[in-house]
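Inspection log for the structure reproduced underneath, given as structure tokens.
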Amino acid sequence: MTKTTNTAAKKGQTKRTGSQARPAASVKEFLALKNPKGDLILKVDGQQVSLTSLDRVYWPTEKITKFDLLCYYIAVREYLLPFLKDRPAILQRWPRGIKAPMFFQQDLENAPDFVETIRLTNLQGRELDYAVYTNTASLLYLVNLRTIEQHPWHSTVKKLNKPDWIALDLDPKEAPWQNVLQVALVGKEVCDEIGLKGFPKTSGSSGIHIYLPLKPTNEYESVAEFAKLLAGEIAHRVPKIATVERTIANRKRDQVYVDWMQNARGKSLAAVFTVRAKDKATCSMPLTWKQIENGVKISDFTLQNVPALLEKKGNPWEDFFSQRQTLKLN
């Protein structure tokens, strides 16, 4: 069962706080603030978004604050939002920063009326209201809830059961980074041979993700079966350094896990351009295959340098959605 609505319409408007009596700041005014403290209201997309605890430190070693995180998402919003828009969100909330416990949230209990939700029935038969990314206002509202990372579904609310990309996660665990890069290039080789275009990105954590844009014409089950075959072929070509073995104890130390199992309804990977809740505030950065060949590293891309890099070098995934492909599954 699915139903798109907004949470406030179901459960009432969120409670007004004292900070909401203050004049709303424009995006330009917000970005110009120097070490702001406390709360304020940001006017964006014609909405007033309540932003709280701006001086809360999320990365204690780097002294990066919630304000810095919000500024980052404002700076990259035009690049990021196409990969979030109209997708249910899986919320990972870090209320006290990256060194404190995180918790998952699927059911969005209260939100202002500009935050859309979709009501879904989970495997246990429970109805949950998932947040849906729509625009900058909705993104910043969710970031204000301490969702450092953005984790969208692989499908949009328009075609919930039909993903519009395949995602492979090259997870090294203890394998050397050079093996991850080599496995990624084998992935490109396989995709090229079967006439599909893959787009690589850093995971922002420890590995590489390869995405294949799709026309949303196939159900999750069929897409997952194709992803399984693709991952298996990659591992078959370089068995010394790649595997599809899920159990860590059964992998060899040098093997990269080619994880295809996230291609399922309700699952997700960290979005391209998202900040990760990792040391140095690394980001999941879109790449060219040339960067893979040249030995790109996870640490090359952080909250502090990604906006400038995008301004200077552009977006390697700019044509991602214009490259949607049809899987021939028969």
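One-based numbering along the sequence shown.
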Are more than 12 heavy atoms, taken from residues, nucleotides or ligands other than Lys278, located less than 6.0 Å from that residue's NZ atom?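 No, not enclosed.
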In this structure, are over 12 heavy atoms from other groups packed under 6.0 Å from Asn294 atom CG?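 Enclosed.
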Please list all pairs passing the ring pair (Phe, Tyr, Trp, His ring centres under 6.0 Å) test where one or both residues lie in residues 82-110, with sequence neighbours left out.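 Every pair satisfying ring pair (Phe, Tyr, Trp, His ring centres under 6.0 Å) with a residue in residues 82-110: Phe83-Trp317, Phe83-Phe320, Phe83-Phe321.
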With sequence neighbours left out, write down each residue that passes side-chain hydrogen bond (donor to acceptor under 3.5 Å, both in side chains) with [X], or none if nothing qualifies.
X      : value
Tyr133 : Gln150
Thr247 : Glu245
Tyr58  : none
Asn161 : Arg265

Show the atom names and distances, to 0.1 Å, of all donor-acceptor pairs under 3.5 Å that link a side chain in residues 201-212 to residues at least two apart or in another chain.
residue	atom	partner	partner atom	Å
Lys201	NZ	His209	ND1	2.8
Lys201	NZ	Ala270	O	2.8
Lys201	NZ	Ser284	OG	2.6
Thr202	OG1	Cys283	O	3.2
Thr202	OG1	Met285	N	2.9
Ser203	OG	Ser205	N	3.0
Ser203	OG	Ser206	N	3.1
Ser203	OG	Gly207	N	3.0
Ser203	OG	Gly207	O	3.2
His209	NE2	Asp169	OD1	3.4

Any heavy-atom pair between the side chains of [Y] and [X] that's under 4.5 Å?
X      : Y      : answer
Leu40  : Leu54  : yes
Val49  : Phe114 : yes
Thr52  : Ser50  : yes
Asp319 : Lys197 : yes
Leu303 : Leu69  : yes
Phe30  : Ile74  : yes

Tell me whether [X] is salt-bridged to [Y], with the criterion being a basic N under 4.0 Å from an acidic carboxylate O.
X      : Y      : answer
Glu193 : Arg237 : yes
Asp164 : Lys215 : no
Asp279 : Lys99  : yes
Asp107 : Arg126 : yes

[X] side, atom [atom1]; [Y] side, atom [atom2] - distance, nearest 0.5 Å:
X      : Y      : atom1 : atom2 : result
Ile248 : Asp171 : CD1   : CG    : 7.5 Å
Ser268 : Gln92  : OG    : CD    : 8.0 Å
Gln178 : Ile241 : CD    : CD1   : 8.5 Å

Do Trp165 and Phe199 make the cut of ring centroids closer than 6.0 angstrom?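 Judged by ring-centre distance (under 6.0 Å), Trp165 and Phe199 do not meet the cut-off.
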Any donor-acceptor N or O pair under 3.5 Å, side chains Thr274, Tyr73: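 Note: Thr274 and Tyr73 side chains meet the donor-acceptor criterion.
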So is Arg119 actually on top of Tyr130's ring, under 6.0 Å and inside 45° of the axis?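 Judged by the rule, Arg119 and Tyr130 form no cation-pi pair.
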